[in-house]
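Worksheet: one structure, shown below.
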Amino acid sequence: MPDEKVTAIASAAEVPLTTGALARRLGVAPTTLRSWERRYGIGPATRAEGRHRRWTPRDVALLEAMCRLTSSGVPPAEAARVAKGAADAHPERMPERSRTSRAPGALPLGDVRQECRGLARAAVRLDAPAVERQLTDAVGQYGIVDAWQEVMVPTLHAVGRKWASSGDRYVEVEHLLSWHVSTALRRRTPLPGRPADTSPAGPVVLACVPGEQHTLPIEALNAALTELGLPTRMFGAAVPAEALGAAVRRLGPAAVVLWAQARSTASPSLARHLADIRWGVKGARRQPSMVLAGPGWSGAPVRGAVRPVTLKDAVDFAAGMYGERH
């Protein structure tokens, strides 16, 4: 009997889902799924009689990846491209997800790692020691990049959705969780025996554009680069343009990463100005690589600038400048 029960559960997990069932599972509207299919080619692999959509487990995994990317601020078109590319390149990589139902009043997490549920419950209880412990465990087990993308971002996004739909309720939960996420990211130190500031290429400068207060994503990048032992200089939120220019001239960085959460704060003119700064002896002058990070840069092209879609993309680019393999 136990074997029969396990077989029945496994078979049910393989049954293709209807659009309505998948929308409820992902926490999006059915019209959103139809729009993504029409615009980005992310549609069901099969259709039942009468042309009804049926979504297979592979379809579901691809859409879960797209939802994670859009939840972290990636524009839908880029999220679709990255999700499809990852599914085609590594079809066997389907992270284990929890499918337990959501209790009344719980945060709208959807299908996420089990660690997200424990972290969310601790945050709602305002249990700071538990939040700190679970974040530390996640970073220790998965590393900065995976802990950020698979644990921190889904939980932060769920808290934000709950706050947005509940008036001013749960704002204290978001503040507590954000503080401890920032603490966990800043606690990361270089690996033993790998001095971070010996590269002749100069450090990576990380800063939010003037007027931009959202720092957690760029803190995650700083932590991930520090985890690899790469030199960084982190300047944080809303750095004045004049101060950014002065820092680039003084440091001679290998790259400048500018974070913009919203289009209203993204400044292509500032990015071009910083990218044009040169230093060094005549005949061998250098200038920084410009990295535009965050959804605010969508639709704001800057010639020669790099536009990483995910945290891993940004880490891979920076590591490549120093000859690191990641």
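Thr136 places a side-chain N or O within donor-acceptor distance of the main-chain N or O of Glu132, the cut-off being under 3.5 Å. The closest donor-acceptor contact from the side chain of Trp297 to the backbone of Ala293 lies under 3.5 Å. Under the 3.5 Å distance criterion, the side-chain polar atoms of Glu212 are left unmatched by any main-chain donor or acceptor of Ala260.
Note that the OG atom of Ser178 and the CD atom of Glu219 stand 9.5 Å from one another [nearest 0.5 Å]. We find the CG-CH2 distance between Asp59 and Trp55 to be 6.5 Å, quoted to the nearest 0.5 Å. Atoms OG1 and CG, on Thr215 and Leu221 in that order, are 12.5 Å from each other to the nearest 0.5 Å. Here the CD1 atom belonging to Ile277 is positioned 10.0 Å from the CD atom belonging to Gln287, to the nearest 0.5 angstrom. For the atom pair CZ of Phe235 and SG of Cys208, the computed distance is 12.5 Å after rounding to the nearest 0.5 Å. Separating the CD1 atom in Ile42 from the NZ atom in Lys84 is a distance of 5.5 Å, to the nearest 0.5 Å.
Side-chain contact between Pro253 and Arg233: absent, with no pair of heavy atoms (C-beta onward) separated by less than 4.5 Å. Counting only heavy atoms from C-beta outward, the side chains of Met152 and Leu216 never approach each other to under 4.5 Å. With a 4.5 Å cut-off on side-chain heavy atoms, Leu311 and Pro217 do not count as touching. Taking 4.5 Å as the limit, some side-chain heavy atom of Leu63 sits within range of a side-chain heavy atom of Trp36. A heavy-atom distance below 4.5 Å is found between the side chains of Leu244 and Leu258. Side-chain contact check for Pro210 versus Thr265: every heavy-atom pair is 4.5 Å or farther apart. You'll find the side chain of Leu119 reaches within 4.5 Å of the side chain of Val131, heavy atoms only. Contact annotation: the side chain of Val205 never approaches that of Pro288 to less than 4.5 Å [non-hydrogen atoms, C-beta and beyond].
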Using side-chain contact (heavy atoms from CB on, under 4.5 Å), reason through Val315 and Glu227 one step at a time and then give a plain yes or no. CA-CA 10 Å; Val315 172; Glu227 188 175 52; over 6 Å; no

I'd like to know whether Lys312 forms a salt bridge (Lys or Arg N to Asp or Glu O under 4.0 Å) with Asp316, so could you lay out the CA-CA distance, the side-chain angles of the two residues, the decisive distance to 0.1 Å, and finally the verdict. CA-CA 6 Å; Lys312 186 178 186 305; Asp316 287 345; 2.8 Å; yes

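Nearest approach of Asn222 to Thr226, heavy atoms of both residues: O-OG1, 2.7 Å. Scanning all heavy atoms of the two residues, the minimum distance from Trp259 to Ile218 falls at CB-CD1, 3.8 Å. Minimum heavy-atom separation, Leu274 to Met290: CB-CE, 3.6 Å. Listed here is the closest heavy atom pair of Ala254 and Tyr322: CB-OH, 3.6 Å. The heavy-atom pair separating Ile144 from Val139 by the smallest distance is CD1-CG1, 3.8 Å. Pairing each heavy atom of Gln134 with each of Ala122, the nearest pair is NE2-CB, 3.8 Å.
Partner of Gln149 under the side-chain contact (heavy atoms from CB on, under 4.5 Å) criterion, out of Val151, Val145, Val153: Val145 alone.
For Arg263, the side-chain hydrogen bond (donor to acceptor under 3.5 Å, both in side chains) partners at least two apart in sequence or on another chain are Ser298.
Around atom CZ of Arg39, no more than 12 heavy atoms belonging to other residues, nucleotides or ligands sit under 6.0 Å away.
Under a hydrophobic-cluster definition in which Ile, Leu, Val, Met, Phe, Trp and Tyr are linked whenever side-chain heavy atoms come within less than 4.5 Å, directly or via other members, Leu185 and Trp179 are assigned to different clusters.
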